[in-house]
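Worth knowing before you read on, the calculation uses all heavy atoms, side chains too, and leaves out hydrogens, waters and symmetry mates. Every chain is numbered from 1, with letters handed out A, B, ... down the list of sequences.
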Number of protein chains: 2
Amino acid sequence: MTLAPDRFAPMANAIRALSMDAVQAANSGHPGMPMGMADVATVLFAKFLKFDPADPYWADRDRFVLSAGHGSMLIYSLLYLTGYESPTMDDIRNFRQLGSPCAGHPENFLIPGVECTTGPLGQGLAMAVGMAMAERQLNATFGNDLVDHNTWVVAGDGCLMEGINHEAIGLAGNLKLGKLKVLWDDNKITIDGDTSLSTSEDIPARYRAAGWDVFSCDGHDYADIERALTEASASDKPSLVACRTIIGKGSPNKQGGHEVHGAALGMDEVAATRENLGWTSEPFELPSAVLADWRSLGQTGAKLHAAWDERLAVSAHAAEFKRRMAGELPNGDAIRKALAEWVEGDATVATRKASENWLNVIAPVVPEMIGGSADLTGSNNTKAKCQAPFTADDYSGRYVYYGIREFGMAAAMNGMALHGGVIPYGGTFLIFSDYCRNAIRMAALQQTRSIYVMTHDSIGLGEDGPTHQPVEQVMSLRLIPNLNVFRPADAVETAECWNLALESSETPSVLALTRQNLPQLRKSGDMLSARGAYVLRSAEADRKVILIATGSEVELACKVREELEGQGIGADVVSMPCMELFEAQDEAYRHEVLPHDPSILRVSIEAGATMGWERYTALSRNGGLNIGLDRFGASAPAKDLFARFGFTTEVIVPKILDKLSA
Amino acid sequence: MTLAPDRFAPMANAIRALSMDAVQAANSGHPGMPMGMADVATVLFAKFLKFDPADPYWADRDRFVLSAGHGSMLIYSLLYLTGYESPTMDDIRNFRQLGSPCAGHPENFLIPGVECTTGPLGQGLAMAVGMAMAERQLNATFGNDLVDHNTWVVAGDGCLMEGINHEAIGLAGNLKLGKLKVLWDDNKITIDGDTSLSTSEDIPARYRAAGWDVFSCDGHDYADIERALTEASASDKPSLVACRTIIGKGSPNKQGGHEVHGAALGMDEVAATRENLGWTSEPFELPSAVLADWRSLGQTGAKLHAAWDERLAVSAHAAEFKRRMAGELPNGDAIRKALAEWVEGDATVATRKASENWLNVIAPVVPEMIGGSADLTGSNNTKAKCQAPFTADDYSGRYVYYGIREFGMAAAMNGMALHGGVIPYGGTFLIFSDYCRNAIRMAALQQTRSIYVMTHDSIGLGEDGPTHQPVEQVMSLRLIPNLNVFRPADAVETAECWNLALESSETPSVLALTRQNLPQLRKSGDMLSARGAYVLRSAEADRKVILIATGSEVELACKVREELEGQGIGADVVSMPCMELFEAQDEAYRHEVLPHDPSILRVSIEAGATMGWERYTALSRNGGLNIGLDRFGASAPAKDLFARFGFTTEVIVPKILDKLSA
């Protein structure tokens, strides 16, 4: 069934009323965008979007991403109006209040119909690129019968002005993601005022330069909107639809101005808007005919869903498809078994190389792993032999050449993970975690299984110098909630950490890996890394010291221990590949590894910022000792830098002796 | 005097020889770019660039920015060949070795002729935008006689693919920075291979869409290069010159391929290149005629410099111009005096508002302060009343509408500071420090006086929710070396911290400010913040507790103290607006504020990540106590959030009592 466009105006006004009333009740929020885009959204949901309110997780639904997340009342309105279970009208009434899933910005972990968490501008669209990539990859793998859907995005001027937009649309253009459609809320207004204050860009020309099709419409003319969306739907390129709108449309005295962007209209203007729109319902009440029209929209999707269910039921791929979409790893503990069987001999390799070696073991048995790098494939060692490139000519490939686009890559990975059916990992130098830091944070907030492979993880990268040498990055990433930061010490820990990252379906991971070679310190892959930290070497003499180290400094800690033992001073070496997992262990285990014994000196050794290590060292003999690097590095061969900055037994052992005798 | 183009080939080959030999000697580095751009650089320095090797700091020199910083041997070659004092040939021979100023990437703090530190891709060009902005602002202020120079940039595909490029060129285009000229090394190669692997963008079309002029040339045809640079010079728009080049040009077997990008040619290929170029000199030796031609180039600039000196000598603005370019604040301690005279009464204001109030005091007396915001002017409170907008129509303005471009803004600010003569500050929400984090790091590395005004600094921002609530940002910024992170507690501390930021000419600052109101805790502006931390309230009863807090939690600490005192438990409140400055105090002062007394319990209170606070608390009674937030926030009114997450006396006082009795 199809609604005639003369039914659209009251439907769009329902969005406007809910939005202005919810913002007014909270006295906080952004009414301008939902009111301005209400007409476009109504046509999209009525005529184009494939969705089934009864099942927000239907695998072949169209993805709808509200990249301009501050307009959250738009999506809350749409989900309620079309009949999703969440949010309820009570939730909307409690917009932006503690406990309501109708948060200030849409959050995927609170409402199933919200595909991704948006608000940090530009990232919604960039995640949508990843969703469209995942769709094409699964389509190439499972065929049109199971996977064939669009990704629709609503984006504002802010999303388009952010740098990440350039990266996202360049990637989408090169990959010819024809099922990606972006509806640009072209309202000529930013927070500071008219867009001309800060930009004079010809946006359609830029999108065309990136290989996109561009269409436009009057965003308040239903027929014109439908025409433009029809044209966009027919394009085999990624499409931008410039929807010329009036921000806050409906508010007689405030529409078109920047004040309506981010503040409640005020009681008087809410009343004036009601009158202007001819909207007589009380706040949070809806005319039954309008609600009925909205509720009718889900029927088309429900039928398509039913037909899809039938195809899935008879598909030879059904089990595999369901497994991947459920995010379950293949064959239970096959990966752990592979690890137990795979232990490199006396492998002296960089952990980035160990990572590649392990990828060559697991990537063939975990076909949903989609790798990539931001133009550092040979340096990040991220490409497994079994992976062909993912290109516009062959979407079945499993390796993405992301280009020099760290932020775009990280956000696309989040979108791929949110889409489901694939497990994305991608590489860059650790220093450039700075370039994509907020996408890593958004992975953590959204609880996605994104795996960031960050190589060249310290001054050990050598000659490239301080611009390329991470100093504070490892510790600063540890500060992000719900993120596991792994810094493995050798080939065995690298494989273990990779497995932990894969098994961690609701927590993203960073793997911090070395450029330089490291000796193998352990002979068995018995998953000691799963505890986050463990005693790698036990004191032989009377224990006076516990050395706690990560990554490349574990080797150094072992050498320091030998020197100390040679002087009759017993020392444990604790390898701590993942602080977060160690913190999650029970107290008994933590005390076993780091006993509360004030006679023992605890020493941290990590070639990075020391702040934070006091958590494990300060409460020990004489206040503990932290060996690290609290300044920028320098350009020189790695071994010279480690010597210059005191990462040698000659420097560290005397410091420990001094501290013991203090 | 002007060299005929037939002298250019050996001059360009001198760059090629130095570059390949230096990289070969280091067995590390990037020969491809300097060899590919040698011809373009030769024409630029011979015919267009205004420079005086005798004075790298001449205020009216053209700025030359090597945005593709990995090609550092290009600039080291050029500086040596044209006769700058630094680098020496010995420095070049020790390229990428400890102690040589010829670092892997060019570093402004090692070589005066290097205008800015580059390597993190895209930022050089973005800093050049800031330099061109500073030039126009000073030109509008001091006139053509004193300030009238170009900013030239060499950029590669990586610089253009990064998101920040979109922000930078959009800003430059809107501001019509006609004296900015970008030479794009269009060599069709990235590290992973051909550029078509990752991009199919029409770059000239994108630049035109942003309001730029675009020219092109054969980057190995001297006449064609000169034609294109002449056209670019004549344009009144920012200009891109697409220089079609062959990467590694001159290497007979490796040129044009991606292997020559980032690795030494190898001894055999170095020899083959010598033969191919007809270059018979030994490594690090130069034919005297070629060197003489290069050394002759500085004469034009020296004459221009002498004429400029004469104009400066008779300029009515000379003293003020010199003061600004020297980076000296006006009138010695006028600002401190203003502070002493300016103390708000019982001001209950947000610190973002206190910041605005203070800006209205100091901006009129420090005319080199150039403010701005990434489209959050009304929220960041960054615009002083005396500041008119800096626009294409009026470059004398002192307030920049940066648009929704946090990274571009932060990098432009660094470029403005590096140019000199202005002190840039700019605002965004603290959460979006994530978007510009590496530019903040680059300010710290480059020792620029960039002042980042970061408001909405905790869950205190309320309803916008976890995407907008900083949790880990304050602590993670503290990890960056040479960066002062200020989190003032009230109006007085805000003014003090602003002054400290202004006085700190070689260390950038972050001011983390609240959205919500805070009471005034101190009545006098006696610069206690300069010590980083100080005792704000002293224990009255026998001191058992020291409460250490920052920003909005200092008020809470005072309330906790009152409760404790009411129970006979003496407690100090230490306000710590700047950890870095506290760390820089002598031991006596630090012990005075935080005495080593194991009977005293130290408690940190900050509405953010606790990791790091153990530095000040762990070594105290029963291991100390850290009150913070180690999870993401939520969407709700601020007061509900502070209650929900335990930032109340009701929650904290019992925790302290428990700890005291543990």
Side-chain angles (χ1 to χ4, degrees), chain A residues 28 96-98 103-105 119-121 158 161-164 166-167 170 174 190-192 197-202 205-206 209-211 375-377 401 403-404 407 434-435 437-438 445 463-468 472 475-476 479-481 609 611-612 614-615 618-619 623 631-632 635-636 640, chain B residues 28 96-98 103-105 119-121 158 161-164 166-167 170 174 190-192 197-202 205-206 209-211 375-377 401 403-404 407 434-435 437-438 445 463-468 472 475-476 479-481 609 611-612 614-615 618-619 623 631-632 635-636 640:
Chain A
S28 170
R96 290 181 162 240
Q97 305 308 305
L98 204 57
H105 292 78
L121 290 176
M161 212 184 297
E162 289 284 0
I164 191 173
H166 170 51
E167 301 185 11
N174 195 52
T190 73
I191 292 174
D192 272 358
L197 267 181
S198 56
T199 183
S200 44
E201 187 191 38
D202 179 347
R206 175 167 68 91
D375 197 47
L376 289 167
T377 295
Y401 288 102
I404 303 149
F407 198 5
D434 280 5
Y435 272 51
R437 185 175 172 89
N438 200 262
L445 180 61
E463 293 88 345
D464 273 347
T467 56
H468 283 57
E472 72 279 20
M475 191 59 81
S476 79
L479 294 170
I480 298 177
M611 181 177 271
E614 291 90 350
R615 173 166 293 184
L619 199 58
R631 50 156 286 171
F632 291 112
S635 172
D640 297 343
Chain B
S28 169
R96 290 180 162 238
Q97 306 307 304
L98 203 57
H105 292 79
L121 291 176
M161 212 185 295
E162 289 284 0
I164 191 174
H166 170 52
E167 301 184 13
N174 195 53
T190 73
I191 292 174
D192 273 0
L197 268 179
S198 57
T199 183
S200 44
E201 187 192 38
D202 179 346
R206 175 166 70 90
D375 197 47
L376 289 167
T377 295
Y401 288 102
I404 302 147
F407 198 6
D434 281 6
Y435 271 51
R437 185 174 171 88
N438 199 261
L445 180 60
E463 293 89 345
D464 273 347
T467 56
H468 283 57
E472 72 279 20
M475 191 58 81
S476 79
L479 294 170
I480 297 178
M611 181 177 272
E614 291 91 350
R615 171 166 295 185
L619 199 58
R631 50 155 289 170
F632 291 112
S635 171
D640 297 344

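- Interface summary for chain B: among A:Gln97, A:Arg631, A:Arg615, the most heavy-atom pairs under 4.5 angstrom belong to A:Arg615.
- Taking chain A as the reference chain and counting heavy-atom pairs below 4.5 Å, the highest number among B:Ile191, B:Asp192, B:Asp202, B:Thr467 is found for B:Asp192.
- Per-residue heavy-atom pair counts under 4.5 Å with chain B were compared for A:Leu619, A:Leu197, A:Leu121, A:Asp640, and the maximum is reached by A:Leu197.
- Defined by atom type and a distance below 3.5 Å, a donor-acceptor pair is missing between the side-chain atoms of A:Asn174 and B:Thr199.
- Applying the side chain to side chain donor-acceptor pair (under 3.5 Å) criterion to A:Asp464, with sequence neighbours excluded, gives B:Arg96.
- Highest contact tally toward chain B, considering only A:Gly465, A:Ala205, A:Gly119, is held by A:Gly119 [criterion: heavy-atom pairs under 4.5 Å].
- In terms of heavy atoms, A:Glu614 sits closest to B:Ala618 at O-CB, 4.4 Å.
- Interface remark: A:His468 contributes side-chain atoms only to the contact with chain B (heavy atom separation under 4.5 Å).
- Summarising the geometry of B:Tyr401 relative to A:Ser198, their closest heavy-atom pair is O-CB, 3.6 Å, with the distance given to 0.1 Å.
- Annotation: maximal heavy-atom pairing with chain A below 4.5 Å, among B:Gly211, B:Ala210, B:Gly158, occurs at B:Gly158.
- Atoms CG and CD, on B:Leu479 and A:Glu472 in that order, are 7.0 Å from each other to the nearest 0.5 Å.
- Of the possible donor and acceptor atoms, none in the side chain of B:Ser635 sits under 3.5 Å from a partner among the backbone N and O of A:Ala103.
- Using a 4.5 Å cut-off between heavy atoms, A:Phe632 touches chain B through backbone and side chain atoms alike.
- Ranked by non-hydrogen atom pairs under 4.5 Å with chain A, the options B:Ile164, B:Leu376, B:Leu445 are led by B:Leu445.
- Only the side chain of A:Ser28 comes within contact range of chain B, with heavy atoms under 4.5 Å apart.
- Interatomic distance, B:His166 NE2 to A:Met161 CE, rounded to the nearest 0.5 Å: 7.5 Å.
- For the pair A:Glu167 (side chain) and B:Gly163 (backbone), a donor-acceptor distance under 3.5 Å is present.
- Annotation: maximal heavy-atom pairing with chain B below 4.5 Å, among A:Asn438, A:Thr190, A:Asp375, occurs at A:Asp375.
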